[in-house]
Amino acid sequence: PTTSDTVNIELLMFPTPSNAGPDQILCPNSTILAGNLPSIGFGTWSIITGDGSIATPSVNTSGVSALSTGTNSLVWAKGNGNCPTSTDTVSLIVLPPVQQAFAGNDTTIYVTSLAVNGNTPTVGTGMWQFVGGSYTIGNPNQSSTQLTNLVPGVNTIKWTITETCGTTEDELNIT
């Protein structure tokens with residue numbers, strides 16, 4: 001007698017190769033991810049280093065927030081059944097918040113010169129700027145500099161710290 005048996009063979013295609021998008025340098029601790037859309041298979045985002053919250057892990061252009069300062073690495077993994085998974089990693093580098101500028105405490109003096117001492121920028125640059133009154137600034141690019149030729153009344157100078165992520169400033173009144 002003849003016997004027979006049926007075998008079902010399911011042919012799966014390899015998933016679309018993963019592309020997690022370009023690395024990013026961020027000032028806010030959130031961004032929109034830029035993974036490629038899977039035409040074959042499905043994709044999933046996951047965080048491999050750092051911290052954060054992925055809004056919709058299965059969406060290639062999901063938002064990600066609450067990233068930690070420094071380097072955060074996320075992987076965009078695509079799969080299709082039992083086929084090998086395709087992965088690509090993106091680095092999201094979050095810069096620290098802008099340092100608050102501090103020009104010093106307002107003061108009253110009885111001479112025509114004064115050494116001013118703003119806080120030294122840990123990142124970026126600092127600059128003294130004329131606001132009001134009459135005086136000469138020694139070196140406007142040094143956190144500690146000399147003001148000369150001060151006149152009676154209120155003299156105001158501003159210390160500004162500029163970094164990649166922004167600018168902060170503080171004024172100093174000298175009477």
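Residues take their numbers from the sequence shown, with the count starting at 1.
- More than 12 heavy atoms of other residues, nucleotides or ligands sit less than 6.0 Å from atom CG of N141.
- Looking at heavy atoms from C-beta onward, L172 lies out of side-chain contact with T156 at the 4.5 angstrom threshold.
- To the nearest 0.5 angstrom, I93 atom CD1 is 12.0 Å from C27 atom SG.
- Atom CE of M127 is separated from atom CG of N139 by 9.5 Å, given to the nearest 0.5 angstrom.
- Taken together through direct or relayed side-chain contacts under 4.5 Å among Ile, Leu, Val, Met, Phe, Trp and Tyr, W76 and L37 form parts of separate hydrophobic clusters.
- Closest heavy-atom contact between T89 and S73: CG2-CB, 4.1 Å.
- Taking CD1 from I47 and OG from S53, the interatomic distance works out to 7.0 Å, rounded to the nearest 0.5 Å.
- Within the 4.5 Å cutoff, side-chain heavy atoms of N119 are placed close to those of I161.
- A single hydrophobic cluster is seen to contain both I157 and F130, as judged by linkage of ILVMFWY side chains at heavy-atom distances under 4.5 Å, directly or through other members.
- Summarising the geometry of P22 relative to A34, their closest heavy-atom pair is CD-CB, 4.3 Å, with the distance given to 0.1 Å.
- Placement of V75 and V64 in two distinct hydrophobic clusters is found when ILVMFWY residues are connected by side-chain heavy-atom separations under 4.5 Å, directly or transitively.
- By the disulfide bond (SG atoms under 2.5 Å apart) test, C83 is found to be paired with no residue, residues two or more places apart in sequence or in another chain being considered.
- Of all non-hydrogen atoms in A77 and T85, the two that sit nearest each other are CB-CG2, 4.0 Å.
- Side-chain contact check for T148 versus T112: every heavy-atom pair is 4.5 Å or farther apart.
- More than 12 heavy atoms of other shown residues, nucleotides or ligands fall within 6.0 angstrom of atom CD1 in I40.
- The CD1 atom of I174 sits 5.0 Å away from atom CG of L114, with the distance rounded to the nearest 0.5 Å.
- In this structure, I137 and L147 have side chains that are in contact, with non-hydrogen atoms separated by less than 4.5 Å.
- For the pair W159/T145, no side-chain contact is recorded, criterion being any heavy-atom separation below 4.5 Å from C-beta on.
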Given the rule in the side chain to side chain donor-acceptor pair (under 3.5 Å) test, do S65 and S30 qualify, once you have shown the distances and angles that lead to the verdict?
CA-CA 4 Å; S65 60; S30 62; over 6 Å; no
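- The closest side-chain heavy-atom distance from N72 to N29 is not below 4.5 Å.
- Remark: the T16 side chain and the S39 side chain contain an N/O donor-acceptor pair separated by less than 3.5 Å.
- Put simply, the side chain of N173 never gets that close to the backbone of D106: no donor and acceptor are under 3.5 Å apart.
- Nearest approach of E163 to G124, heavy atoms of both residues: CG-CA, 4.2 Å.
- Of all heavy-atom pairs spanning C165 and P96, the tightest one is SG-O, 4.3 Å.
- Residues that satisfy the side chain to side chain contact (heavy atoms under 4.5 Å, CB included) test with N149, not counting sequence neighbours, are T136.
- Distance alone, capped at 3.5 Å, is enough to place a donor-acceptor pair between the S86 side chain and the S18 backbone.
- Across every non-hydrogen atom of G43 and P38, the tightest pair is N-CG, 4.0 Å.
- The closest donor-acceptor contact from the side chain of E169 to the backbone of A103 lies at 3.5 Å or more, if one exists at all.
- Put simply, the side chain of S143 does not reach to within 4.5 Å of the side chain of F102, judged on heavy atoms.
- In this structure, CG on N117 lies 11.5 Å from CD on Q142, to the nearest 0.5 angstrom.
- To the nearest 0.5 Å, atom CD of residue Q100 and atom OG1 of residue T168 are 4.5 Å apart.
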Using side-chain contact (heavy atoms from CB on, under 4.5 Å), reason through V123 and L95 one step at a time and then give a plain yes or no.
CA-CA 10 Å; V123 177; L95 298 177; over 6 Å; no
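- Side chain of S62 to main chain of T56: a donor-acceptor pair is present (N/O by atom type, distance under 3.5 Å, no hydrogens or angles).
- Within the 4.5 Å cutoff, side-chain heavy atoms of L26 are placed close to those of L92.
- Side-chain heavy atoms closer than 4.5 Å link hydrophobic residues (I, L, V, M, F, W, Y) into clusters, and following such links, possibly through other members, connects L67 to W45.
- When hydrophobic clusters are built by joining Ile, Leu, Val, Met, Phe, Trp and Tyr residues whose side-chain heavy atoms come closer than 4.5 Å, directly or via intermediates, I54 is not grouped with I48.
- Each of N60, D88, N36 was evaluated against K78; a single residue qualifies, N36, per the side-chain hydrogen bond (donor to acceptor under 3.5 Å, both in side chains) test.
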